[in-house]
Amino acid sequence: METRFTLQQPNVCAEASAEDCGIVVFGASGDLVQRKLIPALYGLHLRNLLPSRFYILGFARSDMTDEQFRGRMREAITAAHAEHPAAVAQEKLDAFLAMCRYVSGDYNDPRAYERLSMRCSTCDRDFDATGNRLFYLALPPDLHPVVTRRLAEADLTDEGPQGRPWARVVFEKPFGHDLASALHLDSLLGRTLAPSQIFRMDHYLGKETVQSVLMFRFANAIFEPLWNRRYIDHVQITTAESLGVEHRGGYYDNAGCLRDMFQNHMLQMLAITAMEPPASFQAESVRDERVKLMRSLRPWPCGDTGGELCNWVVRAQYEAAPGGASSLPAYRNEPDVAPDSVTETYVAAKVLIDNWRWQGVPFMLRSGKALHRKVTEIAVTFRRVPHVLFGLSSKAQMPANVLVLKIQPDEGIDLTIQAKQPGPKSCMSTMALSFKYKDIFGVTPPDAYERLLLDCMQGDRTLFWSREEVEAAWSLIDPVLSEWAAHPQRCPLHTYPAGSWGPQAADALMRSIGARWR
Ligand code: NDP
């Protein structure tokens with residue numbers, strides 16, 4: 001049974017447009033730029049949130065004229081709005097494309113950066129922009145160091161007095177391939193850029209509903225007193241994808257689920273769910289609390305403790321579903337995947353947090369590809385009532401209250417409660433108080449990239465990773481990757497049929513805390 005929430009009163013709303021600037025997009029011929037970045041910038045344009053003096057300068061090796069680049073961007077925007085073609089208003093689109101230009105060059109060629117620098121100056125002049133520049137590295141991560149170095153050598157990352165005009169650099173995840181490469185990149189960034197110039201992008205943090213977790217926790221007095229080991233039994237965080245690796249098999253086979261999802265998105269969702277209240281909603285305060293939380297995560301048992309790790313972290317790979325129940329092939333038969341690949345496409349893990357608030361409360365995390373359906377959510381299961389009335393024979397029969405923060409799809413919040421069913425008998429039902437963004441606000445939340453690009457242009461780093469967070473996350477993940485590589489037989493790679501909810505070993509992990517996956 002479902003009871004709906006209604007909007008009582010819109011309260012605080014702080015949305016400002018960005019500062020005048022130009023965005024230089026590296027890897028402009030690539031997948032991310034066409035599927036996400038350009039449609040997101042167009043989305044901001046439609047909402048009149050782009051600066052009035054603004055331009056986009058694409059940079060990549062592919063040879064293209066400005067006109068050809070605009071043609072590609074037109075196609076990208078049209079494809080992104082295929083379901084709502086009315087959003088592609090021709091006049092608006094033409095005005096947007098008029099701000100797009102392109103320059104080609106090799107990422108390691110100093111002369112390319114001279115050309116880029118001249119093109120930036122021309123754009124600054126033509127668009128009457130202020131010289132503020134945002135360099136967005138939508139490139140495979142092994143190119144991040146060389147581009148950062150070349151940008152600095154060409155003085156493109158120099159800022160003016162008091163940081164005006166500014167120069168900022170956005171790094172797409174993953175931030176390194178392991179702890180050593182992340183530290184290496186960080187030391188290069190430390191030598192070439194000030195911390196205020198660095199934006200480490202993890203688009204999960206820009207999702208409206210991820211941010212709403214913070215607002216839910218810290219703008220409502222009724223939940224925070226319950227948000228601890230006394231009242232919470234366990235927390236489940238799920239990010240499930242129904243698709244396989246699609247066209248990204250080459251990248252994914254090198255990365256795997258633990259690197260691709262846990263090192264970043266999953267740990268960030270855990271951090272915002274479990275962190276202490278920050279002193280303010282300023283970037284440094286929020287990031288400090290996330291770091292503190294990540295540093296409190298208990299390391300998983302690796303090395304000398306032998307097979308103990310399997311009781312904490314389960315890994316698995318999808319295979320074809322029997323009887324053609326799913327159209328996906330086995331992971332090993334996906335394009336660009338090695339036929340003997342041992343890359344995990346699914347991970348479930350038990351995480352404990354060693355601090356006062358969360359001592360002994362398991363956080364159960366799972367993520368995978370080719371699962372039953374696409375869903376991302378944080379489900380907080382409260383402890384059961386201490387004493388059972390109403391004719392139930394044991395406490396275990398009394399359902400617990402569950403608060404579900406739904407990140408996608410159907411973004412919203414559900415809270416289950418027990419209530420009396422009308423009638424002369426003492427019958428009880430579980431009801432869901434259910435709040436859906438779409439029902440209340442009438443719109444689907446804007447894409448995460450819109451929010452994050454706006455933040456970059458405004459210099460707000462609250463929703464970006466700090467160096468300390470990257471290191472803390474890798475410090476947790478790295479030993480597991482090493483353990484799997486050094487002792488593959490200790491923690492076996494399980495399999496699961498595409499279209500299922502994952503391997504049985506993950507269910508057993510959940511049973512070990514006396515619970516079931518939702
Ligand atoms: P692509 O593989 O599409 O690469 C982007 C561009 O980089 C290509 O168009 C190509 O441009 C250039 N490039 C690619 N490989 C090389 C190479 N080996 N040497 C030199 N240039 C190369 O990447 P994506 O757009 O998919 O991703 C970019 C970044 O964003 C990555 O860090 C990725 O992890 C991250 N990301 C991507 C997501 C996605 O959905 N695609 C989601 C989240 C993050 P050209 O040849 O013209 O120079």
Side-chain angles (χ1 to χ4, degrees), residues 23-41 57-66 68-69 71-73 75-76 79-80 102-109 112-113 115-116 134-150 169-178 181-182 185 189 198-207 210 239 241 243-266 268 335-336 343 367 369 374 376 408 447-453 456 463-465 470 473:
I23 295 192
V24 179
V25 183
F26 284 85
S29 57
D31 180 70
L32 181 75
V33 173
Q34 304 195 28
R35 279 194 317 111
K36 291 289 181 187
L37 294 189
I38 291 293
L41 286 167
L57 181 55
F59 182 103
R61 292 174 307 179
S62 304
D63 205 14
M64 270 188 278
T65 61
D66 285 350
Q68 285 167 329
F69 179 60
R72 277 214 203 181
M73 298 307 111
E75 280 170 27
Y102 182 79
V103 56
S104 73
D106 192 285
Y107 301 106
N108 196 17
D109 177 7
Y113 290 79
R115 285 200 304 282
L116 175 64
L134 183 68
F135 298 97
Y136 197 116
L137 273 48
L139 290 167
D142 47 340
L143 291 171
H144 290 178
V146 68
V147 174
T148 309
R149 216 171 18 240
R150 292 291 180 216
V169 188
V170 185
F171 297 88
E172 260 295 343
K173 67 121 202 172
F175 317 115
H177 192 67
D178 50 22
S181 56
L185 179 62
L189 298 192
I198 302 170
F199 289 72
R200 295 180 186 82
M201 170 77 91
D202 176 350
H203 68 275
Y204 257 65
L205 278 179
K207 285 185 188 287
V210 172
T239 299
E241 292 178 51
L243 298 172
V245 288
E246 296 184 286
H247 56 284
R248 302 189 78 213
Y251 158 77
Y252 195 87
D253 208 34
N254 270 321
C257 182
L258 199 65
R259 277 194 181 91
D260 189 50
M261 293 302 293
F262 273 67
Q263 188 275 335
N264 35 68
H265 309 322
M266 298 300 281
Q268 279 293 355
D336 303 324
T343 299
S367 177
K369 290 201 175 285
K374 181 181 171 73
T376 302
Q408 66 180 19
D447 187 82
Y449 278 97
E450 287 188 30
R451 165 67 199 247
L452 294 172
L453 282 162
C456 293
L463 299 176
F464 295 82
W465 283 69
V470 173

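Only this structure's heavy atoms are used, side chains among them; waters, hydrogens and symmetry mates stay out. Note that the structure is a prediction, hence the values are computed from the model and not measured. As the structure lists them, so they are numbered: ligands from 1, and atoms in each ligand from 1.
- If you check each of L139, D142, N108, L37 against atom 29 (C) of ligand 1, the one with the closest non-hydrogen atom is L139.
- Taking every non-hydrogen atom of L143 and a distance limit under 4.0 Å, the qualifying atoms of ligand 1 come out as 19 (N), 20 (C), 21 (N), 22 (C).
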(request) Given side chain to side chain contact (heavy atoms under 4.5 Å, CB included), test V103 with L57 step by step and report yes or no. (result) CA-CA 7 Å; V103 56; L57 181 55; 4.1 Å; yes

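- Distance remark: protein heavy atom present below 4.0 angstrom from atom 19 (N) of ligand 1.
- Listed by number with element, the atoms of ligand 1 under 4.0 Å from a non-hydrogen atom of R35 are 39 (C), 40 (O), 41 (N).
- Under the 4.0 Å distance rule, the nearest protein heavy atom to atom 41 (N) of ligand 1 falls inside the cut-off.
- When each atom of ligand 1 is checked for a heavy atom of A138 under 4.0 Å away, the hits are 5 (C), 28 (C), 29 (C).
- Between G105 and A112, the shortest heavy-atom contact is CA-CB, 3.9 Å.
- Counting atoms of ligand 1 from 1 in the listed order, those under 4.0 Å from a heavy atom of P140 are 4 (O), 7 (O), 14 (C), 15 (N).
- In this structure, the protein non-hydrogen atom closest to atom 12 (C) of ligand 1 is Y107 OH, 3.7 Å.
- Taking atom 3 (O) of ligand 1 as the reference point, the nearest protein heavy-atom neighbour is D31 N, 3.1 Å.
- For S62, a nitrogen or oxygen atom sits less than 3.5 Å from a nitrogen or oxygen atom of ligand 1, counting backbone and side chain alike.
- Closest protein heavy atom to atom 45 (P) of ligand 1: S29 OG, 3.4 Å.
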(request) Please step through side chain to side chain contact (heavy atoms under 4.5 Å, CB included) for the pair R200 and V470, ending with a clear verdict. (result) CA-CA 9 Å; R200 295 180 186 82; V470 173; 3.6 Å; yes

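- Below 3.5 Å of separation, one finds an N or O of L32 facing an N or O of ligand 1.
- Ligand 1 has no nitrogen or oxygen under 3.5 angstrom from a nitrogen or oxygen of H144.
- Nearest protein heavy-atom neighbour of atom 6 (C) of ligand 1: G27 CA, 3.8 Å.
- Of all the heavy atoms of R248, the ones lying under 4.0 Å from any atom of ligand 1 belong exclusively to the side chain.
- Between R35 and Y449 there is no side-chain heavy-atom pair separated by less than 4.5 Å.
- K36 and D31 are not joined by a salt bridge, as no carboxylate oxygen comes within less than 4.0 angstrom of a charged side-chain nitrogen.
- Of the polar atoms of G30, at least one N or O is found under 3.5 Å from an N or O of ligand 1, judged by distance alone.
- Scanning all protein heavy atoms for the shortest distance to atom 43 (C) of ligand 1 gives Y449 OH, 3.9 Å.
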(message) Assess the residue pair Q268 and Y204 against the criterion (side chain to side chain contact (heavy atoms under 4.5 Å, CB included)); give the C-alpha distance rounded to whole Å, side-chain angles, the decisive distance to 0.1 Å, and a yes or no.
(response) CA-CA 8 Å; Q268 279 293 355; Y204 257 65; 5.9 Å; no

(request) Start with the C-alpha gap between D336 and R248, add the side-chain angles, then the distance that decides, and say whether salt bridge (charged side-chain N to carboxylate O under 4.0 Å, His left out) holds. (result) CA-CA 8 Å; D336 303 324; R248 302 189 78 213; over 6 Å; no

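- The two residues A473 and W465 come nearest to each other via the heavy atoms CB-CZ3, 3.8 Å.
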(request) Might you work through the side chain to side chain contact (heavy atoms under 4.5 Å, CB included) test for L452 and F464, ending with a clear yes or no? (result) CA-CA 8 Å; L452 294 172; F464 295 82; 3.9 Å; yes

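- Atom numbering of ligand 1 starts at 1 in the shown order; those under 4.0 Å from a heavy atom of P174 are 34 (O).
- The closest side-chain heavy-atom distance from H265 to K173 is below 4.5 Å.
- Short contacts between ligand 1 and P141, defined as distances under 4.0 Å to a heavy atom of the residue, involve ligand atoms 32 (O).
- Nearest heavy atom pair, residue R61 against residue S104, reads O-CB, 4.0 Å.
- Donor-acceptor pairing under 3.5 Å is lacking for the side chains of E246 and Y252.
- Of the listed residues (Q34, R61, E172, K173), the one carrying the non-hydrogen atom nearest atom 33 (C) of ligand 1 is K173.
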